[in-house]
4 protein chains.
Amino acid sequence: MPSPSRTEPGRAPGAVEGARPPVPAAGVRAPRRRDPARTRQAILDAAEEEFSERGFLGGRVDAIAERTSITKRMIYYYFGDKQGLYLAALEQVYREMRQSERAVHLDDLEPVEALRTFVLSTIDFQEARPSFVRMVSFENTLGAENIAGIESLRELNAGLVDSVDRLLRRGRTAGVFRDGPDAPDALELHQLISSLAFYRVSNRATFREIFDHDMLDPVHGETFRRRAVALVLDHVLVPGAGRRP
Amino acid sequence: MPSPSRTEPGRAPGAVEGARPPVPAAGVRAPRRRDPARTRQAILDAAEEEFSERGFLGGRVDAIAERTSITKRMIYYYFGDKQGLYLAALEQVYREMRQSERAVHLDDLEPVEALRTFVLSTIDFQEARPSFVRMVSFENTLGAENIAGIESLRELNAGLVDSVDRLLRRGRTAGVFRDGPDAPDALELHQLISSLAFYRVSNRATFREIFDHDMLDPVHGETFRRRAVALVLDHVLVPGAGRRP
Amino acid sequence: MPSPSRTEPGRAPGAVEGARPPVPAAGVRAPRRRDPARTRQAILDAAEEEFSERGFLGGRVDAIAERTSITKRMIYYYFGDKQGLYLAALEQVYREMRQSERAVHLDDLEPVEALRTFVLSTIDFQEARPSFVRMVSFENTLGAENIAGIESLRELNAGLVDSVDRLLRRGRTAGVFRDGPDAPDALELHQLISSLAFYRVSNRATFREIFDHDMLDPVHGETFRRRAVALVLDHVLVPGAGRRP
Amino acid sequence: MPSPSRTEPGRAPGAVEGARPPVPAAGVRAPRRRDPARTRQAILDAAEEEFSERGFLGGRVDAIAERTSITKRMIYYYFGDKQGLYLAALEQVYREMRQSERAVHLDDLEPVEALRTFVLSTIDFQEARPSFVRMVSFENTLGAENIAGIESLRELNAGLVDSVDRLLRRGRTAGVFRDGPDAPDALELHQLISSLAFYRVSNRATFREIFDHDMLDPVHGETFRRRAVALVLDHVLVPGAGRRP
DNA sequence: TATGAATGAGTGTTCATTCAT
DNA sequence: CATGAATGAACACTCATTCAT
């Protein structure tokens, strides 16, 4: 299951667990009746798996029902239809990304260190959550029609760009980041870093098949990170400034 | 149609057309009977469209038949099954990429110019052939299982890496490219450039939806190209060498 | 319908019918919604008809759906695939045979009478259930690949041979059945009787076409039975023993 | 191929083979152009294989074309349609049986020996030509509709019954065969012997699967033949007469 | 809340057969 | 005589979705 530690929205965090209705017979494996929030979450996790593996068109509602041993009727009860379920899974995946980005407090770091941290955390997140990458890939192939329906997504990501923007300003003010028309803005910088981090995960399979080289092999991890950081810093820093010895 | 410039094998380029039975009205795209090469190619083009839009799982054989007004039976006659057709479309798309790369004779250019050309031609190709990008994306989401079945793909791409390798060697010999353990090898360089060029096309839809910024908008094209070239050159050149004034 | 006497598992034999929703007009054979056991059985009966008439390869799932006016989807819901349905029909037919054989308690009869009874009941069953004969014939032409998948079939039939074996032993002990290396064993005896009873049904059509003689015509029934019994008794009895006056 | 020794109707038996048109390039495997009779026969043999393995409904014209590497068009050219081809194959199989029966000159043997010979030759033929048995089985499951279309089949088989009839008369006249209302007539005798010989081949697969006993295993061949002969003689001979010591 | 049964429109694939050359 | 290309109807099987309980 993607992430067992996920908070379950339908249930109060401090709820007493002991007081639950008669526990189902031992040996029964899956979320058993009478815990709607858990049922909902189980469906959602299965949907994330299914859709991230096969896409919206390729994903099967039946397969999701089988993964959870929850009846299809429940899926429709909770999510309306296939698209509703897909959207919910997509949103869940994006929400996680946001949380991961919030966890990194760029504003608390001095500019160069903040930039370095931003690059590395982006790489780390994409690497850790390939199902995010796959769902985004699928969304793109279908023209991102579904993603448009997710409210709060824009502001969510606008927040990200804003924080990169603040980072860049601080760096320029401090005289360590280049300025002028040739210097990249926040969005361009995000695009650059995303390209590096995303492609590495999204194109892993074909790259490996064609070049016999697994971009995600831990063996290459350190080198890749170092190069990526160097590349971005070279691109942003004023020549000669602030590099590590 | 995906590639109007494709040579049609069943017909000599300069052949006289006048002697043939009444040519179908111009604009009618479906090939008419008794021209197997044309029939096959029409199916293939429609398949490329369909599969690049909806993926292997989402693509419908019926849709391909309707696009061409060729009976489904003929699709199976020529390509065996859905997977065979998909593979053929995938191969066609890859072959075009190779041809586009061959067209650029890196060996004939001096190293810095060659590198600049390589970056730009990669960007241009991905931009010009979004269906290539989409098919590769789909392949990756499915683990590139299909791509493994295409012979000649590895050597085809090995050729590409070889020519980049020669390029790097020449640059180092000439003293303009960095050397040593920190300098990227041919594969790493290819990965870098592909990331930039591929992501811009593959993630266009979500990027636009989230940031209101179309990475492929011609308005940004020149800037993007300039930045990408600068980025790569900065990464490869010895500091201070060979840059344009 | 193949076997009107079949017990319908989903309904208690003496259950009151009055409380149910308006019963469909008598004579309407298709079961109406919401009686799974009946639905399943209706499919199975139609499958037995279809497959016994046209074989596994020739039988059409669509035809079975039409015979019952149950949607194809339900057939797959209950039986998985065509082969699963075929196997279920085959098993049903074999189970009936077993029941018919169990109904004859050979152990309760004295040897000669038991043997006579065994011959006649075998003839009667094959004659009464031509679809059994046809399905077995089809199975044979396909190498009995399907039959191999039916568990319990062997033990089921092993039971038959065992009871014939007991019969033979009792007869030998009583001194009425021949003994020694030339006397047939239980399996040989079964083969002999089956040959006579089975061929008469399985080859009826060609025999009639070629010789203008219907082996199943009631006119010949009595003679055939008498001859078959005599033939078997002559083969098994010690000369001069136990024949009817 | 079923029977390479088959006479090819379209070609004179004594035709010189050396004078054939330029032999096709070495490596080309199958009957090559410009020998219509051979082409026809190749199709027929493949059809016999296909139909005897899968029946009329299950047999595929494509499969027959592939077996011979002759184009489907030729099949239609020679045989009209699938049914025409099936009939031709059926007729070929029956013709062989007739020839095999003609080869045994019952009239030249004394009655008991003739009867013994008849039983054994019937057993031998069925054993040697399982595709005959399978095609007859298939015909029966379909109600022998096709067989009705084969002219000369009745007289062909009438001849068989006549010769058995002559055999029985001779035996009765000689006082070795039983007479009276309880004695079997020619058709009954044919039915009996066919049952034994046919069932052994037709039901081999299910019998083996169910009882782990291969009725055609050479190990049991001698015993089966002895029993079959004894059974028939016991049924026909006057008690005590003419048996072997 | 939950379920198992049911549906109709598709979805990949194959069939026997025919056409133009 | 012979071929490869073409067809439309059927074929086994699956889809997302809904109903009765």
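Just so it is clear: chains get the letters A, B, ... in the order the sequence lines come, proteins before strands, and each one is counted from 1.
Using a 4.0 Å cut-off on heavy atoms, the residues of residues 52-64 of chain D that approach DNA chain E are D:G59, D:R60, D:V61, D:D62, listed by number.
Taking 4.0 Å as the cut-off between side-chain N and carboxylate O, A:R67 and A:E50 count as a salt-bridged pair.
For C:M74, taking side-chain heavy atoms from C-beta onward, the closest of the listed nucleotides E:dG4, E:dT7, E:dA16 is E:dT7. Comparing atom distances between the A:T39 side chain and each of E:dA2, E:dT17, F:dT3 picks out E:dA2 as nearest. Nearest nucleotide to the C:Y76 side chain, out of F:dA5, F:dA12, F:dA16: F:dA12. When the nucleotides F:dT14, F:dT7, E:dT13 are ranked by their closest atom to the side chain of C:R73, F:dT14 comes out on top. In this structure, of E:dA5, F:dA12, F:dT17, it is F:dT17 that holds the atom nearest to the side chain of A:K82.
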Can you give each donor-acceptor pair under 3.5 Å made by side-chain atoms of residues 78-85 of chain B, sequence neighbours left out, with the distance rounded to 0.1 Å?
{"from": "B:D81", "atom 1": "OD1", "to": "B:Q83", "atom 2": "N", "distance (Å)": "3.4"}
{"from": "B:D81", "atom 1": "OD1", "to": "B:G84", "atom 2": "N", "distance (Å)": "2.8"}
{"from": "B:K82", "atom 1": "NZ", "to": "B:F56", "atom 2": "O", "distance (Å)": "2.8"}
{"from": "B:K82", "atom 1": "NZ", "to": "B:G59", "atom 2": "O", "distance (Å)": "3.1"}
{"from": "B:Q83", "atom 1": "NE2", "to": "B:N146", "atom 2": "OD1", "distance (Å)": "3.3"}

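A side-chain donor-acceptor contact under 3.5 Å links A:T68 to the backbone of A:I64. In terms of modelled atom types and a separation under 3.5 Å, the side chain of C:E139 and the main chain of C:I147 share a donor-acceptor contact.
Counting any heavy atom pair closer than 4.0 Å across all strands shown, A:Y78 reaches sugar-phosphate atoms only and no base atom.
Per the geometry, OH belonging to A:Y86 stands 14 Å off P belonging to F:dA16, to the nearest Å. Between the CZ atom of C:R40 and the P atom of E:dA5 there is a distance of 11 Å, rounded to whole Å.
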Report summary line: Given Watson-Crick and G-U pairs under 3.5 Å, DNA chain E in dot-bracket ([ ] crossing, | other strand) is .||||||||||||||||||||
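For D:K72 and E:dT17, a side-chain-to-base donor-acceptor distance below 3.5 Å is present, hydrogens and geometry of angles not being considered.
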